[in-house]
Amino acid sequence: MCRPHAEGWDSVHGVPKGLMRWELYTAVIDRLVAEDCHFDHLILQWLGDPSVHDRLEDMVAYASRRLRGRLGYLRFDTNGILLTPSRVDRLLAGRDRAMPLLVVFTLDAVTPGTYARVKGRDHLARVRRNVRYLLSRRREHGPVDVQVQFVVQPGNAHEARAFLDYWTDAFRCYAAGGHGEILFKPLSVDGGGPGQAAADALYRRAVADFPVGRRDSLTVSAWADDPWQAPARRAACAAPWFTPVIRHDGHLVMCCADLRSELDLGHAGEQGFRALWDGPRATSVRLAHLAGRFAGACAGCAGINWYAIGPSEVASTRRRAGELGLAG
């Protein structure tokens with residue numbers, strides 16, 4: 001399910017695996033404030049579980065204070081194995097409650113056997129305890145929104161309905177303190193590569209009759225059948241406009257699906273976010289997309305459909321290209 005883990009990669013985003021140093025983290029956050037940057041949301045991880053960082057709780061607290069008024073919400077995704085009750089208490093007590101927080105748990109199973117088959121080891125009981133503890137504590141320290149995810153794949157598709165039933169009951173037991181969401185997603189096969197059609201078909205069968213929608217404090221969601229663009233209708237991908245990634249070494253990458261960092265723009269902590277994100281390289285990539293030219297990492301990618309560029313993004317790109325003297 002996760003290629004860097006399943007295939008034993010020694011690097012992700014083109015650099016050895018690692019954790020962001022606290023000094024670099026605070027420098028990047030401070031630079032975003034100094035440059036008056038605003039974002040819809042900030043996710044404190046990519047291609048890894050942030051709970052392996054022993055300062056995750058401090059990072060949430062720091063970002064919640066420093067970026068207040070500059071973010072819609074903070075988010076991190078975890079398998080929940082290391083998010084123990086003591087860490088949950090520190091996480092909830094240290095954050096600025098004025099900053100909305102979304103915690104996403106990737107679970108993908110209901111029974112121990114299926115969990116072990118999908119995840120590699122059986123930690124299901126521990127994970128359930130940790131998630132339920134967070135749900136119970138957010139009444140006092142909320143609001144904290146919690147999402148549980150189920151990625152449909154051949155090893156677990158038969159448990160999708162049971163997953164829905166289990167977590168519907170759990171969220172009803174702990175309704176106070178924030179919103180709950182149960183999300184079902186299709187397996188991504190190399191971002192729309194060979195095998196994606198079969199994965200999408202399995203997904204559609206698994207969630208065909210699910211009661212999607214919001215009811216009080218709980219939402220049941222299912223991704224669109226085709227989150228990746230089909231080559232025949234390839235349009236400018238929204239990623240170069242909407243999915244900046246700052247790696248653990250401080251480098252800014254233009255796309256969350258660029259696993260080899262071909263779209264590395266430079267060091268955000270040293271050069272600043274705006275100088276890189278609005279610079280000539282980033283603008284050139286966007287111009288190429290608007291012209292229907294997809295090279296490098298973009299050439300072999302199906303593109304994402306999670307976001308869509310609009311007239312304002314097109315106009316700002318054209319305007320910036322003119323300021324930089326770049327040809328359209």
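Note that the structure is a prediction, hence the values are computed from the model and not measured.
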Peer 1: Is there a donor-acceptor contact under 3.5 Å from the side chain of Arg90 to the main chain of Glu57?
Peer 2: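 It does not hold such a pair.
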
Peer 1: Using a cut-off of 6.0 Å, state whether more than 12 heavy atoms not belonging to Asp169 lie near its atom CG.
Peer 2: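 More than 12 heavy atoms, drawn from other residues, nucleotides or ligands, come within 6.0 Å of this atom.
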
Peer 1: Check the hydrophobic clustering (I, L, V, M, F, W, Y; side-chain heavy atoms under 4.5 Å; chains of links allowed) and say if Ile43 and Val253 are grouped together.
Peer 2: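 Unlinked, Ile43 and Val253 end up in two clusters.
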
Peer 1: Examine the side chains of Glu181 and Thr219 and answer whether a donor and an acceptor come within less than 3.5 Å of each other.
Peer 2: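 No, Thr219 and Glu181 have no side-chain donor paired with an acceptor closer than 3.5 Å.
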
Peer 1: Answer yes or no: is there a donor N or O on one side and an acceptor on the other, between the side chain of Arg95 and the main chain of Ser64, under 3.5 Å?
Peer 2: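 No, the answer is negative, given that no donor and acceptor are paired below the 3.5 Å cut-off.
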
Peer 1: Ion pair present between Arg65 and Asp96, side-chain N to carboxylate O less than 4.0 angstrom?
Peer 2: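 Answer for the salt bridge query: no.
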
Peer 1: Taking the side chain as C-beta and beyond, is there a heavy-atom pair between Ile182 and Thr168 under 4.5 Å?
Peer 2: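 Of all side-chain heavy-atom pairs linking Thr168 with Ile182, at least one is under 4.5 Å.
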
Peer 1: If we count only N and O atoms by modelled type, under 3.5 Å, do the side chains of Thr106 and Gln149 hold a donor and an acceptor together?
Peer 2: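 On atom types as modelled, these side chains do not qualify, holding no pair under 3.5 Å.
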
Peer 1: So, do His41 and Leu74 sit near enough that their side-chain heavy atoms are less than 4.5 Å apart?
Peer 2: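 No, side chains not in contact.
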
Peer 1: Ion pair present between Glu262 and Arg260, side-chain N to carboxylate O less than 4.0 angstrom?
Peer 2: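 A salt bridge is absent here (no side-chain N lies under 4.0 Å from a carboxylate O).
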
Peer 1: Tell me whether the rings of Phe184 and Phe210 are parallel (<30°), tilted (30 to 60°) or perpendicular (>60°).
Peer 2: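 Perpendicular: the ring planes of Phe184 and Phe210 meet at over 60°.
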
Peer 1: Output, in order, the C-alpha distance, side-chain angles, deciding distance and verdict of side-chain contact (heavy atoms from CB on, under 4.5 Å) for Leu101 and Asp145.
Peer 2: CA-CA 6 Å; Leu101 175 65; Asp145 294 337; over 6 Å; no

Peer 1: Is Val88 reachable from Val144 through a run of I, L, V, M, F, W or Y residues, each pair having side-chain heavy atoms under 4.5 Å apart?
Peer 2: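 Yes.
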
Peer 1: Salt bridge check: are Arg161 and Asp209 linked by an N-O gap of less than 4.0 Å?
Peer 2: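 Looking at Asp209 together with Arg161, the answer is yes, because their closest N to O distance falls below 4.0 Å.
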
Peer 1: Any side-chain heavy-atom pair from Arg214 and His179 closer than 4.5 angstrom?
Peer 2: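 Yes, at least one pair of side-chain atoms sits under 4.5 Å.
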
Peer 1: Return yes if a side-chain donor-acceptor contact under 3.5 Å exists between Ser316 and Trp241, otherwise no.
Peer 2: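 Ser316 vs Trp241: no donor-acceptor pair found between side chains.
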
Peer 1: Counting the benzene-type ring for Trp, do Phe76 and Phe105 have ring centres under 6.0 Å apart?
Peer 2: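 Ring-ring flag for Phe76/Phe105: false, centres at least 6.0 Å apart.
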
Peer 1: Quick check: closest heavy atoms across Tyr25 and Ala63, and the distance to 0.1 Å?
Peer 2: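 Shortest heavy-atom contact: OH-CB, 3.3 Å.
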
Peer 1: Do Ile246 and His251 have side chains that approach each other closer than 4.5 Å (heavy atoms only, starting at C-beta)?
Peer 2: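 When only atoms from C-beta onward are counted, His251 and Ile246 do not touch, as no gap falls below 4.5 Å.
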
Peer 1: When the aromatic ring centroids of Tyr115 and His123 are compared, is their separation below 6.0 Å?
Peer 2: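 When the ring centroids of Tyr115 and His123 are compared, they turn out to be at least 6.0 Å apart.
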
Peer 1: Answer yes or no: is there a donor N or O on one side and an acceptor on the other, between the side chain of His289 and the main chain of Cys237, under 3.5 Å?
Peer 2: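 Confirmed, His289 side chain pairs with Cys237 backbone.
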
Peer 1: What pair of heavy atoms forms the shortest contact from Ser51 to Thr78, and how long is it?
Peer 2: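 That would be OG-OG1, 3.6 Å.
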
Peer 1: Find out whether the Lys NZ or Arg CZ of Arg128 is both under 6.0 angstrom from the six-membered ring centre of Tyr166 and within 45° of the ring's axis.
Peer 2: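 Yes, Arg128 and Tyr166 form such a contact.
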
Peer 1: Could you tell me which non-hydrogen atom of Leu183 sits nearest to which non-hydrogen atom of Ala222, and how far apart they are?
Peer 2: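 In this case the closest contact between Leu183 and Ala222 is CD1-N, 4.3 Å.
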
Peer 1: Determine, stepwise, if the pair Leu83 / Tyr133 fulfils side-chain contact (heavy atoms from CB on, under 4.5 Å).
Peer 2: CA-CA 10 Å; Leu83 201 63; Tyr133 186 80; over 6 Å; no

Peer 1: Please test Phe39 against Phe242 for ring pair (Phe, Tyr, Trp, His ring centres under 6.0 Å), starting from the C-alpha separation and ending with a verdict.
Peer 2: CA-CA 9 Å; Phe39 301 92; Phe242 293 118; over 10 Å; no

Peer 1: For residues Thr283 and Asp278, determine if any side-chain heavy atom of one lies less than 4.5 Å from a side-chain heavy atom of the other.
Peer 2: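 A side-chain contact is absent here, since even the closest heavy-atom pair is not under 4.5 Å.
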
Peer 1: Is Tyr307 reachable from Leu71 through a run of hydrophobic residues whose side-chain heavy atoms are each under 4.5 Å from the next?
Peer 2: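 Yes, Leu71 and Tyr307 fall within the same hydrophobic cluster.
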
Peer 1: Between the side chain of Glu35 and the main-chain N/O of Arg274, is any donor-acceptor distance below 3.5 Å?
Peer 2: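 A pair under 3.5 Å: yes.
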
Peer 1: Establish, for the pair Arg31 and Trp277, whether the NZ or CZ atom is under 6.0 angstrom from the six-membered ring centre and no further than 45 degrees off its axis.
Peer 2: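 The answer is no; the distance or angle limit is not met.
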
Peer 1: Thr114 and Arg117: side chain to side chain donor-acceptor pair (under 3.5 Å), yes or no, with the steps?
Peer 2: CA-CA 5 Å; Thr114 297; Arg117 182 164 59 252; 3.3 Å; yes

Peer 1: Tell me yes or no: between the side chains of Asp36 and His38, is some donor less than 3.5 Å from an acceptor?
Peer 2: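 There is such a pair (donor and acceptor under 3.5 Å, judged by atom type) between the side chains of Asp36 and His38.
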
Peer 1: Does one side chain, of Arg247 or Ser261, offer a donor that lies under 3.5 Å from an acceptor on the other?
Peer 2: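 A donor-acceptor contact under 3.5 Å links the two side chains.
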
Peer 1: Does a salt bridge link Arg137 with Asp89, judged by any charged N lying under 4.0 Å from a carboxylate O?
Peer 2: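 Counted as a salt bridge, because a side-chain N and a carboxylate O are separated by less than 4.0 Å.
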
Peer 1: If we count only N and O atoms by modelled type, under 3.5 Å, do the side chains of Asp200 and Gln196 hold a donor and an acceptor together?
Peer 2: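 Short answer, yes.
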
Peer 1: Is the shortest side-chain heavy-atom distance between Lys119 and Leu107 below 4.5 Å?
Peer 2: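 No; the side chains remain at least 4.5 Å from each other.
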
Peer 1: Is it the case that one hydrophobic cluster holds both Val146 and Leu164, taking links as side-chain heavy atoms less than 4.5 Å apart, direct or via other members?
Peer 2: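 Yes, one cluster joins them.
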
Peer 1: Examine distances only and state if a side-chain atom of His248 and a backbone atom of Pro16 form a donor-acceptor pair shorter than 3.5 Å.
Peer 2: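 Yes, the answer is positive, given that a donor and an acceptor are paired below the 3.5 Å cut-off.
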
Peer 1: Mark yes or no for whether Arg138, through its side chain, and Gly178, through its backbone, hold a donor-acceptor pair below 3.5 Å.
Peer 2: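 Checking the backbone N and O of Gly178 against the side chain of Arg138, a donor-acceptor pair under 3.5 Å is found.
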
Peer 1: Would you confirm whether Arg293, through its side chain, and Val285, through its main-chain N or O, come within 3.5 Å as a donor-acceptor pair?
Peer 2: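 Absent.
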
Peer 1: Using the rule that two of Ile, Leu, Val, Met, Phe, Trp, Tyr join whenever any of their side-chain heavy atoms come within less than 4.5 Å, decide whether Leu32 and Tyr73 are in one cluster.
Peer 2: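 Not linked; separate clusters.
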
Peer 1: State, with a plain yes or no, whether a side-chain heavy atom of Phe163 is found less than 4.5 Å away from one of Val148.
Peer 2: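 They are in side-chain contact.
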
Peer 1: Around atom CZ of Arg121, are there more than 12 heavy atoms of other residues, nucleotides or ligands at under 6.0 Å?
Peer 2: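 For Arg121, atom CZ is not crowded (no more than 12 foreign heavy atoms under 6.0 Å).
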
Peer 1: Taking the basic N atoms (NZ, or NE/NH1/NH2) and the acidic carboxylate oxygens, is any pair closer than 4.0 Å for Arg75 and Asp77?
Peer 2: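 Between Asp77 and Arg75 there is a salt bridge, with a charged N closer than 4.0 Å to a carboxylate O.
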
Peer 1: Val52 and Leu19: side-chain contact (heavy atoms from CB on, under 4.5 Å), yes or no, with the steps?
Peer 2: CA-CA 9 Å; Val52 302; Leu19 302 173; 3.8 Å; yes

Peer 1: Is it the case that the side chain of Asn156 and the backbone of Val151 share a donor-acceptor pair, with hydrogens and angles ignored and the cut-off at 3.5 Å?
Peer 2: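 Between the backbone of Val151 and the side chain of Asn156 there is a qualifying donor-acceptor contact (under 3.5 Å).
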
Peer 1: Given side chains that start at C-beta, do those of Val245 and Leu252 come closer than 4.5 Å, heavy atoms only?
Peer 2: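 They are not in side-chain contact.
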
Peer 1: Using 0.5 Å steps for rounding, measure from the NE2 atom of His53 to the CE atom of Met20.
Peer 2: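 Between His53 NE2 and Met20 CE, I get 8.0 Å after rounding to 0.5 Å.
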
Peer 1: Could you walk me through whether Trp22 and Tyr62 pass the ring pair (Phe, Tyr, Trp, His ring centres under 6.0 Å) test, one step at a time?
Peer 2: CA-CA 10 Å; Trp22 173 255; Tyr62 193 80; 5.7 Å; yes

Peer 1: Checking Asp10 against Lys17 for the salt bridge (charged side-chain N to carboxylate O under 4.0 Å, His left out) test, could you report, in this order, the C-alpha distance in whole Å, the side-chain angles of both residues, the deciding distance, and whether it holds?
Peer 2: CA-CA 6 Å; Asp10 60 1; Lys17 294 177 183 177; over 6 Å; no

Peer 1: Looking at every non-hydrogen atom in both residues, tell me the closest pair between Phe171 and Gly180 and how far apart they are.
Peer 2: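 In terms of heavy atoms, the two residues are closest at CE2-CA, 3.6 Å.
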
Peer 1: Going through the distances and angles, do Tyr174 and Arg139 end up as a side-chain contact (heavy atoms from CB on, under 4.5 Å)?
Peer 2: CA-CA 8 Å; Tyr174 306 104; Arg139 179 194 298 268; 6.0 Å; no

Peer 1: Tell me whether Arg132 at atom CZ has more than 12 heavy atoms from other residues, nucleotides or ligands lying less than 6.0 Å away.
Peer 2: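 More than 12 within 6.0 Å, yes.
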
Peer 1: Quick check against the 3.5 Å criterion: does Glu140 have a side-chain atom that pairs as donor or acceptor with the backbone of Leu92?
Peer 2: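 Judged by distance alone, no pair lies under 3.5 Å.
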
Peer 1: Any sub-3.5 Å donor-acceptor pair from Gln271's side-chain atoms to His267's backbone N or O?
Peer 2: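 Checked: pair present.
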
